[in-house]
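A short worksheet on the structure shown next.
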Amino acid sequence: MSDSNELRIVEAVRQALHEEMVRDSEVLVYGEDVGIDGGVFRATQGLIEDHPGRVHDSPLGEAGIIGLGIGLAATGLKPVPEIQFQSFLYQGFHQLQQHASRLRSRSRGTLSCPMTIRTPYGGGIRALEHHSDSYEAGFAHVPGLKVVIPSTPSDTKGLLTAAIRDPDPVVFMEPTRLYRAFREPVPEGEHVVSLGEAAIRRTGDELTVVAWGSMVREATDAVDKTGVSADVIDLRTISPMDTDAIVESVKKTGRCVVVHEAPRTAGMAAEIVARITDEAFLYLEAPVERVTGYDVPVPMFAREEAYLPNSDRIATAIERTVGF
Amino acid sequence: MPRSTVAEFTIESVRILDEKGAVDEELVPSLSEETLIDLYRQMRRSRRLDERAIALQRRGELGTYAPAIGQEAAQVGSAAALDTGDWIVPAFREQVLYVMRGTPLHKILWYAMGMEEGAEIPDGANVMPPSIPVGSQALHATGIGWGKALRGEQAAAITYFGDGATSHGDVYEALNFAGAYDAQTVFLCQNNQYAISTPRRVQSRAETLAQKAVAAGIKGIQVDGNDVLGVYAATTEALEHARQGNPVLIEAETYRRSMHTTSDDPSVYRSDEEEAEWEKRDPITRFETYLRSEDVLDDDRIEDIGAAIESELEEAIARAKAGQSEVDPVDMFRHTFAELPPVLEQQLAEYKVMRDE
Ligand SMILES: Cc1ncc(C[n+]2csc(CCOP(=O)(O)OP(=O)(O)O)c2C)c(N)n1
């Protein structure tokens, strides 16, 4: 554990896990290489020494990892499995969609699945094929699942703590690209950030920009570049979404740009635009723009820069929207 | 009713060339001198490609790379047993298989430079692209092997995966479907003792991985994966079975002598003693000793082979670097569908405007 309270996201993950394991003896960490190796991103480094018997290297099987968590949860434990890369959560998706997410409803409330699945997601680290996906919309489409994506170290600790304590299954997606990108002060000891609440990173009155995870920094940079007075909303919880924060802001600004790195078609931006037209249509002064990945498989890293939205692309959309 | 035994199984293990380079004369496959030298050359080329790739990665010229150092016999020995019509379905550590099927070395490097161009398959090569999601490819091999059976063709498919993959549902499903459908498929598990940091014993309590075949009703066999002759012979036999509609799982016991990938630090999870132990069982040294004893190789010949590999690699590296400047992102739009749908046409236009601004 770091002594300083200036932490990186990866260290904030570790601190949250450590503190929750100390606080609650039912919390259990397992997954591929999370033990002796400390996880491929070292997010669980040191936990196996600090919590003997509660941190386990698992056989290599995502369906097994998720399915096991459902059973562990049924016995009263609070499993916090790691899926090494979000792109491999697809291999546990049936367990997630068919069982974890609806254990509560199918047992009419007698059983639940308080599992928090941690998983790094997203591009920008020159990874191998199949390591850069951003499938938040797919998980958000599953009723009964919560989907959380932090963008700062402090939120990482606060949101992960809340997720572990949450009585329902949470997919906690950690932006790989930001794991070691910067440090910030993180409250020591108890620090909880409620799920379902967006954060306002900048305030302004000409435009609303909605983003999450690694796109928050790109969006903020774009706003700074253009000099437009904008609200930058960091959604933080993708599902259930803080619709109020978005709608209130759009009512004030009349303009909105939504940014995500996932492909555009049926992505979360489409859902956000739908909610804005539902609740703030008459306030709009310009079409809501989407800045997203393209509808192609995330390319390998020689082309990934072209694929990922960056501050320039976002700035262009901002200018177009403001000048509409 | 008293209890009785209704089924019993045994798992056989094969080794032809031992750690000291001596062979079991009765089992040695009869191979021409040319083939023997080719096995040796392919293994050395694979080793040097990996060593050079690791060095390039360390200088920031490649992305993450998964070397096969120590596993050359398992890969080269099995692939050499195939006919050209047989399909190869690799995982992500089998660069040499692509080379053996005609992919030029510079393209292997392109793939590691993050360029899709590197995964392009030569016409008629009968190889599938690398499969990064562990174990998922085994099902493709079952599909190919079943397809061959349905079409009444003699060819088989062979798929490669690690010890970790045997924990994956996809692999069990692949074995089971193969048995049920008489698929013409050979499954080659390279048990290199680790899945990243996770040792073989954490992966499964099963005494052998070969016995994973038992539940699927197909044959399982172990082979010393550092013995290129043993792997060749076991694969040849497995292919004969497979072509009759009897799939086989081969567990090749080997060791990944270097890192899992260039992002990995094996010193965290394994000891110097263990590594030294396996160094003594190195597949290339062992085969070289044997070939020398048979007068197939001598110092001069070995040196010539080494020199030829070095110059081939120099050329490939230069070519890979030169081609790197030609990466055009437009390619990602072109290859998503056979025909560009309107929504992508629009996104492509959008991209071009942005690029040209
Ligand atoms: C489905 C899936 N889960 C996790 C990973 C991350 N990963 C890549 S290789 C690997 C270990 C593979 O071990 P093994 O099957 O023994 O093959 P080896 O790497 O030793 O050749 C893991 C966990 C992945 N690529 N795919």
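Hydrogens, waters and symmetry mates are skipped; everything else that's a heavy atom, side chains included, is used. Chain naming here is simple, since letters A, B, ... match the order of the sequence lines and numbering starts at 1 in each.
Between A:Arg303 and B:Glu116 there is a salt bridge, since at least one side-chain N of the basic residue sits less than 4.0 Å from a carboxylate O of the acidic one. With respect to B:Arg334 and B:Asp328, no salt bridge is recorded, no charged nitrogen being found less than 4.0 Å from a carboxylate O. In this structure, B:Asp264 pairs ionically with B:Arg256, as a charged nitrogen and a carboxylate oxygen lie closer than 4.0 Å.
Between chain B and the residues A:Asp312, A:Val40, A:Leu128, A:Thr265, the largest count of heavy-atom pairs under 4.5 Å involves A:Leu128. Across B:Asp163, B:Val134, B:Leu348, the residue that shares the most heavy-atom pairs under 4.5 angstrom with chain A is B:Val134. Chain A forms more heavy-atom pairs under 4.5 Å with one residue of B:His260, B:Gln203, B:Gln324, B:Met354 than with any other, namely B:Gln203. Your options are B:Asp265, B:Val202, B:Ile196, B:Thr261, and the one with the most heavy-atom pairs under 4.5 Å with chain A is B:Ile196. Chain A forms the most heavy-atom pairs under 4.5 Å with one residue out of B:Met113, B:Arg355, B:His335, and that residue is B:Met113.
Neither the backbone nor the side chain of A:His56 has a heavy atom closer than 4.5 Å to any heavy atom of chain B. Heavy atoms closer than 4.5 Å to chain B are found in the side chain of A:Gln84, but not in its backbone. When heavy atoms are compared at a cutoff of 4.5 Å, B:Tyr111 approaches chain A by way of both its backbone and its side chain. Residue B:Ala66: no heavy atom, backbone or side chain, is found under 4.5 Å from chain A. With a threshold of 4.5 angstrom between heavy atoms, A:Glu304 does not approach chain B through any atom at all. For B:Leu344, the part sitting under 4.5 Å from any heavy atom of chain A is the side chain, from C-beta outward, and nothing else. Interface remark: B:Val343 contributes side-chain atoms only to the contact with chain A (heavy atom separation under 4.5 Å). Heavy atoms closer than 4.5 Å to chain B are found in the backbone of A:Ser58, but not in its side chain. Contacts between A:Phe88 and chain B at a heavy-atom distance below 4.5 Å involve the side chain alone, from C-beta outward. Both the backbone and the side chain of B:Met115 come within contact range of chain A, each with at least one heavy atom under 4.5 Å from a heavy atom of that chain. Of the two parts of A:Phe85, neither the backbone nor the side chain holds a non-hydrogen atom closer than 4.5 Å to a non-hydrogen atom of chain B.
Aromatic rings from A:His94 and A:His99 are positioned such that their centres are separated by 6.0 Å or more. Taking the six-membered ring wherever Trp is involved, the centroid distance between the rings of B:Phe161 and B:His168 does not fall below 6.0 Å. For B:Tyr269 and B:Tyr194, the gap between ring centers is short of 6.0 Å.
The two residues A:Asp37 and A:Asp33 make their nearest non-hydrogen contact at CB-O, 3.4 Å.
Every residue two or more places apart in sequence or in another chain was checked for a side-chain hydrogen bond (donor to acceptor under 3.5 Å, both in side chains) with A:Asn310, and none qualifies.
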- [ ] List the steps and the verdict of ring pair (Phe, Tyr, Trp, His ring centres under 6.0 Å) for A:Tyr135 and A:Tyr121.
- [x] CA-CA 8 Å; A:Tyr135 196 61; A:Tyr121 88 96; over 10 Å; no
Open item on the list: Is there a salt bridge (Lys or Arg N to Asp or Glu O under 4.0 Å) between B:Glu117 and B:Lys107? Walk through the geometry before answering.
Closed with: CA-CA 7 Å; B:Glu117 286 84 342; B:Lys107 290 206 175 169; over 6 Å; no
